[in-house]
Engineer: 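Let me give you the structure first, and then I'll get to my questions.
Quick note on labels: first sequence line is chain A, next is B, and so on, each numbered from 1.
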Protein chains: 2
Amino acid sequence: MTPKTNPRTIQAVGITLEVIDYLHEHDRARVTEIADALDRSKGTIHCHLATLLEKEHVVKDGDDYQLSLRYLELGERVKDRLGIYDVVTDELSDLAEQSNELVQFATEEHGKGVYLYKKGGERAVQTASSIGKREYLHCTSLGKSILAHYPRERVEAIIDRHGLPGYTPNTTTSSTELFEELETIRDRGYAFDDEEKIEGLRCVAAPVKAGEDEVLGAVSISGPSSRMTGDRYREELPDMVSRSANVIEINAKFS
Amino acid sequence: MTPKTNPRTIQAVGITLEVIDYLHEHDRARVTEIADALDRSKGTIHCHLATLLEKEHVVKDGDDYQLSLRYLELGERVKDRLGIYDVVTDELSDLAEQSNELVQFATEEHGKGVYLYKKGGERAVQTASSIGKREYLHCTSLGKSILAHYPRERVEAIIDRHGLPGYTPNTTTSSTELFEELETIRDRGYAFDDEEKIEGLRCVAAPVKAGEDEVLGAVSISGPSSRMTGDRYREELPDMVSRSANVIEINAKFS
DNA sequence: GTCTCCGTTTGGAGCACACAAACAATTTAG
DNA sequence: CTAAATTGTTTGTGTGCTCCAAACGGAGAC
């Protein structure tokens, strides 16, 4: 498919990024701990941390290292760049109140869905996902509603990269099946997730588009299967997410 | 003073961090632009960006590169780690409403003040500072109220590193003078900024402490000198920030 | 006291990185 | 429309940087 001679990559930088990821996942860590985890010598990790410290990307507290507040700054900047963040938060607050369920907004990056905002209604389910979390696209309503509006070759590239892992009996793991489903979703305007990622959880999602081709992200409502039934699941909630997605679309144009 | 043999640092990592900083400051950039700015060859920057891309720390849009949403995730995690973020936002909302001025919260890192939250009251002044922004400590009320509770040698280390640059005629640029002022602040419990950073802007700040030694940060109120006069400037507002700082202190213990 | 575990430093060998130059693909000039 | 000028990308190459292993020094543990 893609002959793609591997682009030359820099080992030292790779190690540092692994160190950053490790600190991200463990909050704080010491030299030996990281060295063991990444299978590198203590001296190597020490040098990398010293570099990160000099550039103020980490903070040293005794012998513990943690990511510095610089990442707060970087995160804020990335968030501002999105442009639609404020619109999304406003609209999703309303939607959470209306539906009394968990509502979320996600966008695609590097072939995965990235959750940008979530807001729980009064009786909303708790989920592990939070801001910045990454998730497969093929097994969530958010993901499928985004993929439905991508050109076929882009979807194929994503499948090539990440595959179609199955989580429950309902997960779509065949690409031909997925493409059929995406077509239905594109025509209908919204996507369902009937316990495809987590058993007992049903979701509905609608895409937020900018123009004809570009997809900014998607809005979803999630709830326990016991509450997501009949007309509510098949009509009311789809209407609600579609309306919300539309509101965001319109407001996004003016920001 | 500090013989401090320079800890060995990794050049390649340094370059990548400079690339990240450049992308942070310019939102999006191309290879040649970055190469020129950092005075490196195109090929070099290309390799670094390729590495960042593979590790999904940047996104490529045509020939433009930008920081990926991964930094949103990293930023959220760093924010969560602080632990007092929610307490601060709640309390500062109240304080902004009460005072009708700009209120801010900052903490110290690498010898600079880092703004974590700001909230404008109804008539609040606009400032350039926003979340994550770094500022010298010696010329702001926030900074001075933090420094006042640091041991002398720690303050000296910070002065050694960053100096005492002057911004207005009122800026304290002498270290002996600064130490005298810090003593007064420590005894009094709050700090003033009388147009020491920006002409026409006065501020009051009080520290948020955890135990005897540790300083979590500081709360400040800022406003135009014309409104910050007499008893309001000298008594009312200091009382308000002190009370707010206290509320945060107490709530921080339980989180 | 010794022992063991840290973090840090050092020396050295191998190869990875940064450069320059060639290449390809667009865009601009004319 | 062609030619020239910029792009981004690739490749080859030498140097000097990185990574490792081992030694060092300090902090607890017992």
Engineer: Does the Lys NZ or Arg CZ of A/R152 fall within the cation-pi geometry relative to A/F179 - under 6.0 Å from the ring centre and within 45° of the axis?
Structural biologist: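 Yes; both conditions hold, so A/R152 lies above the ring face of A/F179.
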Engineer: Is it true that A/R70 and B/D21 have a side-chain N and a carboxylate O under 4.0 angstrom from each other?
Structural biologist: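 Salt bridge: yes.
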Engineer: Is the phosphate of C/dC19 approached by B/R40 (side-chain N or O, under 4.0 Å from OP1 or OP2)?
Structural biologist: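 So the side chain of B/R40 is within the cut-off, an N or O lying under 4.0 Å from OP1 or OP2 of C/dC19.
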Engineer: Based on Watson-Crick and G-U pairs with both distances under 3.5 Å, what dot-bracket line describes DNA chain D 5' to 3', crossing pairs as [ ] and inter-strand pairs as |?
Structural biologist: ||||||.|||||||||||||||||.|||||
Engineer: Figure out the CG/P separation between A/L52 and D/dT18, and round it to whole Å.
Structural biologist: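 From A/L52 CG to D/dT18 P: 13 Å.
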Engineer: Report the relative orientation of the aromatic rings in A/Y136 and A/H138; use parallel for angles under 30°, tilted for 30 to 60°, perpendicular for over 60°.
Structural biologist: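 Rings of A/Y136 and A/H138: perpendicular, as their planes differ by over 60°.
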Engineer: With under 30° as parallel and over 60° as perpendicular, where do the rings of B/Y71 and A/Y71 fit, or are they tilted in between?
Structural biologist: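 Ring orientation of B/Y71 relative to A/Y71: parallel.
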Engineer: Between C/dT8 atom P and A/I34 atom CD1, what is the distance in whole Å?
Structural biologist: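 One finds 11 Å between P of C/dT8 and CD1 of A/I34, rounded.
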Engineer: Answer yes when B/D27 and A/R81 have at least one side-chain N-carboxylate O distance shorter than 4.0 Å, and no when they do not.
Structural biologist: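 Looking at A/R81 together with B/D27, the answer is no, because their closest N to O distance does not fall below 4.0 Å.
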Engineer: May I ask you to say whether A/E156 pairs ionically with A/R161, meaning some side-chain N is under 4.0 Å from a carboxylate O?
Structural biologist: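 Salt bridge flag = no for A/R161 with A/E156.
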Engineer: Any N or O donor-acceptor pair linking the side chain of B/R8 to the base of D/dG16 at under 3.5 Å?
Structural biologist: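 No pair found.
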Engineer: For D/dG16 and B/Q11 - does any side-chain N or O of the residue sit under 4.0 Å from the phosphate oxygens OP1/OP2?
Structural biologist: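 No, no such contact exists.
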Engineer: State whether the number of non-hydrogen atoms from other residues, nucleotides or ligands found under 6.0 Å of A/D213 atom CG is greater than 12.
Structural biologist: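 Open.
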Engineer: For B/I15 and D/dC17, what is the distance between atoms CD1 and P respectively, to the nearest whole Å?
Structural biologist: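 Rounding to the nearest Å, CD1 of B/I15 and P of D/dC17 are 11 Å apart.
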Engineer: Can you tell which of C/dT8, D/dG12, D/dT9 lies closest to the side chain of B/Y65?
Structural biologist: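 Looking only at side-chain atoms, B/Y65 lies closest to D/dT9.
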Engineer: In whole angstrom, give the distance that lies between atom CG of B/D63 and atom C1' of C/dA25.
Structural biologist: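 In whole Å, C/dA25 C1' and B/D63 CG are 10 Å from each other.
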Engineer: Flag the pair B/E25 and A/R77 as a salt bridge only when some basic side-chain nitrogen lies within less than 4.0 angstrom of an acidic carboxylate oxygen.
Structural biologist: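 Salt bridge between B/E25 and A/R77, a charged N being under 4.0 Å from a carboxylate O: no.
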Engineer: What is the separation between atom CG on A/D64 and atom C1' on D/dA27, rounded to the nearest whole Å?
Structural biologist: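 The answer, rounded to whole Å, is 15 Å.
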Engineer: Out of C/dC17, C/dT8, D/dT7, which nucleotide sits closest to the side chain of A/A12?
Structural biologist: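 Selected nucleotide (nearest to the side chain): C/dC17.
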Engineer: What is the separation between atom CD1 on A/I10 and atom P on D/dC17, rounded to the nearest whole Å?
Structural biologist: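 One finds 14 Å between P of D/dC17 and CD1 of A/I10, rounded.
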Engineer: Which residues, if any, of residues 42-50 of chain A bring a heavy atom under 4.0 Å of DNA chain D?
Structural biologist: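 Heavy-atom cutoff 4.0 Å gives A/T44, A/H48.
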Engineer: Taking all atoms of both residues into account, what is the closest heavy-atom pair of B/P207 and B/E249, and its distance?
Structural biologist: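 Nearest heavy atoms, B/P207 then B/E249: O-OE2, 3.6 Å.
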